[in-house]
Amino acid sequence: MSVDKSKISKLLSDYLKDHILADGVKFSDDTPFSKIGIDSVTVIELVMQVEDVYGIEIPVHELKPENLNSIDAIAKFSMDYRDSASAKG
């Protein structure tokens, strides 16, 4: 399955809208999760969505706050990690 940053962002945005956030909560891809009440457990759910849908498995030691603080951060990090893992592989 072809994947790019925009597909990951859409997946995460849709997941938040459909399963996590109350109706009417406004956010964008770069909105910090802390501003919309997203906690660390929900962030892990989002990472698991990326893993389940796109097969990008991110090791626990790579789960750092700066990579997980917004939809954009998770999408960018997921793609960067996938690309670096492919280059090593």
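- From L68, atom CG reaches atom OG1 of T42 across 12.5 Å, with rounding to the nearest 0.5 Å.
- Within the model, atoms OG of S13 and CG of L46 stand 10.0 Å from one another, a figure rounded to the nearest 0.5 Å.
- Residues that satisfy the side-chain contact (heavy atoms from CB on, under 4.5 Å) test with N69, not counting sequence neighbours, are A73.
- Using a 3.5 Å distance cut-off with no hydrogens or angles, the side chains of S6 and S9 do not pair a donor with an acceptor.
- Atoms CD1 and CZ, on I74 and F33 in that order, are 4.0 Å from each other to the nearest 0.5 Å.
- From D52, atom CG reaches atom CD of E57 across 9.0 Å, with rounding to the nearest 0.5 Å.
- Within the 4.5 Å cutoff, the side chain of V43 has no heavy atoms near those of the L63 side chain.
- Residues I56 and I8 are in side-chain contact: their nearest non-hydrogen atoms beyond the backbone lie under 4.5 Å apart.
- Shown here are the side-chain hydrogen bond (donor to acceptor under 3.5 Å, both in side chains) partners of S40, two or more places apart in sequence or in another chain: there are none.
- Using a 4.5 Å heavy-atom threshold, the side chains of P59 and Y81 count as touching.
- Side-chain atoms of E51 come within 3.5 Å of backbone atoms of I58 as a donor-acceptor pair (strictly under, hydrogens ignored).
- Expressed to the nearest 0.5 Å, how far CZ of F77 lies from NZ of K64 amounts to 7.5 Å.
- Atoms OG and CG, from S78 and L12 in turn, are 7.0 Å apart once rounded to the nearest 0.5 Å.
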Verdict with supporting geometry, D80 and K76, salt bridge (charged side-chain N to carboxylate O under 4.0 Å, His left out):
CA-CA 6 Å; D80 290 349; K76 181 180 181 322; 2.8 Å; yes

Can you give each donor-acceptor pair under 3.5 Å made by side-chain atoms of residues 14-26, sequence neighbours left out, with the distance rounded to 0.1 Å?
from, atom 1, to, atom 2, distance (Å)
D14, OD2, K10, NZ, 2.6
Y15, OH, E45, OE1, 2.8

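- Checking side-chain atoms of K7 against main-chain N and O of S2 turns up a donor-acceptor pair under 3.5 Å.
- You'll find the side chain of F27 stays beyond 4.5 Å of the side chain of K35, heavy atoms only.
- The minimum heavy-atom distance linking V3 with R82 is given by the pair CG1-NH1, 3.0 Å.
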